[in-house]
Amino acid sequence: MAKITKLDEIVSLCKRRGFIFQSSEIYGGLASCYDYGPLGVELKNNVKKAWWKSVVQMRDDVVGLDCSILMHPMIWKASGHADKFADLIAECKKCNTRTRVDHLKEKDAPQADEHTEHIAIDEAAAKAQDLSNKLCPNCGVVGQFTEPMPFKLMFETQMGANVDDSMTMHLRPETAQGIFANFRNVLDTTRVTIPFGIAQIGKSFRNEVTTKAFIFRTREFEQAELEFFCEPGTDEKWFDHWKQARFDWYLELGIKKENLHFRVHDSDELAHYAKGCVDVEYKFPFGSGDWQELEGIANRTDYDLRQHQRGMRTLNKWYENDRELTNIELVDEAEDYHKGPLSYFDVEDKKRYIPYVIEPSAGIDRSALAFLVDAYDEEEVRGDTRNVLRFHPALAPVKAAVFPLVKKDGMPEIATNIYNDLKKYFNCFYDQKGAVGRRYRRQDEAGTPFCLTVDGQTKEDNTVTVRERDSMEQTRISADQLLSYMREKLDI
RNA sequence: GCGGGCGUAGCUCAGUGGUAGAGCGUCACGUUGCCAACGUGAAUGUCGUGAGUUCAAAUCUCAUCGCCCGCUCCA
């Protein structure tokens, strides 16, 4: 029986054990921002490590990258974010529901099923004047809207300390564009040949209209993204490949199969550049227990690289327009764009083309939350409730705790030596205080897979007790073999 | 942003105008020899924040911040 874990229980555990705290708590908190505590940072780092190992290090066809968060403003013009991450929203005066203006439908055309693109704010502002015939999707009242309000989904900041000539910059709303901007660099310096991918983990920022559910949707968040470049025509094959590879990654790290599934995007839900998109979703315990996105895997086609080729050719216009993005249009695409600066030359086939891109884009924070929720378990042990986080060893913040059974007879000294030896190889924790049973249970709640206990017998035959978290079973292992035994068990 | 609920110790919560509380947890000492044992002792509070009403506010009023649920929104 899968226990239904409420989000509140997870939040409470996170606080109690030092996984996650509200940001700026001593000042009353800052909405939608969270800090990772001592155990939380280990967990999150382990999630990132596991992703990096699986996507970069274990593969011969992917290389890593770490781009700056601030990038040239033209990046966002070319990518479309500068225009499309600004929405106009109108509020129904009748029911106070806010709706994106471009999602509003005419009274007489309720079946307007054309996919609604985001519209550049200026254009939309002009068009949006007449809402008198628009229908509120919530209460059905016609034409009772406030003036459209612009929502900027990108964080703005200033670059340059001198206020007068500082430049407005945007914090990146996704890490992907830094990869596209470095496609040429990597190609020229790394001896990669298509098909290959570039991976990156890092912070992104989005002014979401609403945040949600603990660390699930926050305005500052960490992404792990891969842009996998392939020859057009092979994109479907690679899409399927990554779809499977990414799904399996969650399962291998212990997510229960029944809590994970794919959701294929409908064609009217796809971003305009995407040929296909599928989400990996986890059954989170928010409210009624909704499936929520952990990761999106999209076929972005050759859209981004082509857009940046246009962007590169628009640079002078940007200078001429006083470095203002809103006043300029990207120049039209060159006719021979497929031979442009971001094209790829295939030596075997002797042809140039703009590669297609398959993008698995995972949210690290929400993955960490999913691993937490999924690992959380309460079980009855001798009439007591045992709280245990059944983390996969690779994700466990602490791999092994070392205890002397009691604080005398030389046991602390032996245990300390073992601890000092093992901590060179993986994260360990030493504890000699209080009853050993209590120490075991404390480690259960931190998700530590193994506890190593030095007892009276250790002095006689140099063995220690290895107590396993999930089964609570104990095995005696020679202290000499402890390192190799643990490494095998932990797979490190 | 709207509607509903909530905010008191690290956690869970009691406390409806009159001295700030409990359980669990934490720490110390003793005891104990393998699963939240026991004994003794201890620490820990801007009662979310700010104003107001009152002789007196955790308690009443207003504002504000934050969290949860449901809408809305979510390349």
Side-chain angles (χ1 to χ4, degrees), chain A residues 6-9 11-18 21-34 37 76 79-81 83-85 87 89-100 103 117-118 136-139 146 149 151 153-154 173-174 176-177 204 206-214 216-217 219 265 269-274 277 286-288 290 292-293 296 298 300 303-304 359 361 381-387 403-409 411 433-445 451 453-457 464-467 469 472-474 476:
Chain A
K6 281 274 163 255
L7 185 62
D8 284 346
E9 288 176 49
V11 174
S12 159
L13 172 86
C14 284
K15 177 80 188 291
R16 183 156 32 94
R17 288 298 180 197
F21 307 123
Q22 171 95 59
S23 165
S24 314
E25 200 186 57
I26 63 169
Y27 288 103
L30 181 63
S32 156
C33 295
Y34 292 90
W76 309 116
S79 72
H81 289 87
D83 298 333
K84 288 160 190 161
F85 259 52
D87 289 333
I89 290 189
E91 188 169 312
C92 173
K93 292 173 188 167
K94 200 81 180 173
C95 66
N96 291 315
T97 295
R98 293 177 158 196
T99 311
R100 252 167 61 184
H103 278 182
E117 296 286 336
H118 288 270
C136 173
N138 185 50
C139 66
T146 60
M149 308 170 267
F151 271 64
L153 269 50
M154 278 198 291
E174 63 175 27
Q177 297 305 324
S204 294
R206 291 183 195 178
N207 266 321
E208 301 288 355
V209 175
T210 327
T211 56
K212 187 178 174 179
F214 198 38
F216 181 78
R217 177 176 297 125
R219 297 197 169 101
H265 284 218
E269 187 187 0
L270 288 176
H272 57 289
Y273 52 76
C277 187
F286 313 146
S288 51
D290 283 342
Q292 301 281 352
E293 175 188 355
R300 291 179 80 124
Y303 175 81
D304 299 277
E359 178 199 71
S361 171
V381 178
R382 299 176 199 183
D384 246 336
T385 304
R386 183 172 84 113
N387 291 344
F403 307 144
L405 183 60
V406 287
K407 204 170 38 173
K408 61 182 186 187
D409 299 338
M411 295 181 205
K433 292 176 208 156
V436 73
R438 179 185 296 259
R439 283 178 269 161
Y440 286 150
R441 297 300 177 86
R442 236 187 316 232
Q443 292 306 314
D444 288 341
E445 212 176 25
C451 293
T453 304
V454 171
D455 56 22
Q457 200 182 323
V464 301
T465 302
V466 177
R467 182 262 195 189
R469 176 195 64 203
M472 296 172 49
E473 273 167 17
Q474 305 188 350
R476 290 207 76 87

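Naming: A, B, ... by sequence-line order, numbering from 1 per chain. Predicted, not measured: the structure shown is a model, and the values here were computed from it.
Across all strands, A:L13 comes closer than 4.0 Å to no nucleic acid atom at all (heavy-atom distances). Heavy atoms of A:T385 sit under 4.0 angstrom from at least one base atom. Within 4.0 Å (heavy atoms only), A:F214 reaches sugar-phosphate atoms of the nucleic acid but no base atom. As judged by a 4.0 angstrom heavy-atom cut-off over every strand, A:F216 is placed among residues making no nucleic acid contact. Using a 4.0 Å heavy-atom criterion, one finds that A:S23 contacts no nucleic acid atom at all.
With A:D444 as the fixed residue, the salt bridge (Lys or Arg N to Asp or Glu O under 4.0 Å) test singles out one of A:R438, A:R17, A:R386, A:R469: A:R386. Put simply, the residue from A:V454, A:D455, A:T465, A:V464 that forms a side-chain contact (heavy atoms from CB on, under 4.5 Å) with A:L405 is A:D455.
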request  = Mark up nucleotides 25-35 of chain B, 5' to 3', with B wherever a protein heavy atom is under 4.0 angstrom from a base atom, S wherever such an atom reaches only the sugar-phosphate, and - elsewhere.
outcome  = SS-S---BBBB
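Shown here, B:A22 forms a base pair with B:U12; the pair counts as Watson-Crick or G-U wobble because both key distances fall under 3.5 Å. The base-pairing partner of B:G41, taking Watson-Crick or G-U wobble contacts with both distances under 3.5 Å, is B:C27.
Among B:G10, B:C68, B:U12, the nucleotide with an atom closest to any side-chain atom of A:K15 is B:G10.
Of all heavy-atom pairs between A:N207 and A:M154, the closest is ND2-O, 3.8 Å.
Partners of A:Q474 under the side chain to side chain donor-acceptor pair (under 3.5 Å) rule, at least two apart in sequence or in another chain, do not exist in this structure.
A straight line from CG of A:D8 to C1' of B:U12 spans 11 Å, rounded to a whole angstrom.
Ring-plane geometry between A:F403 and A:Y440 is classed as tilted, the angle between the planes lying from 30 to 60 degrees on a 0 to 90 degree scale.
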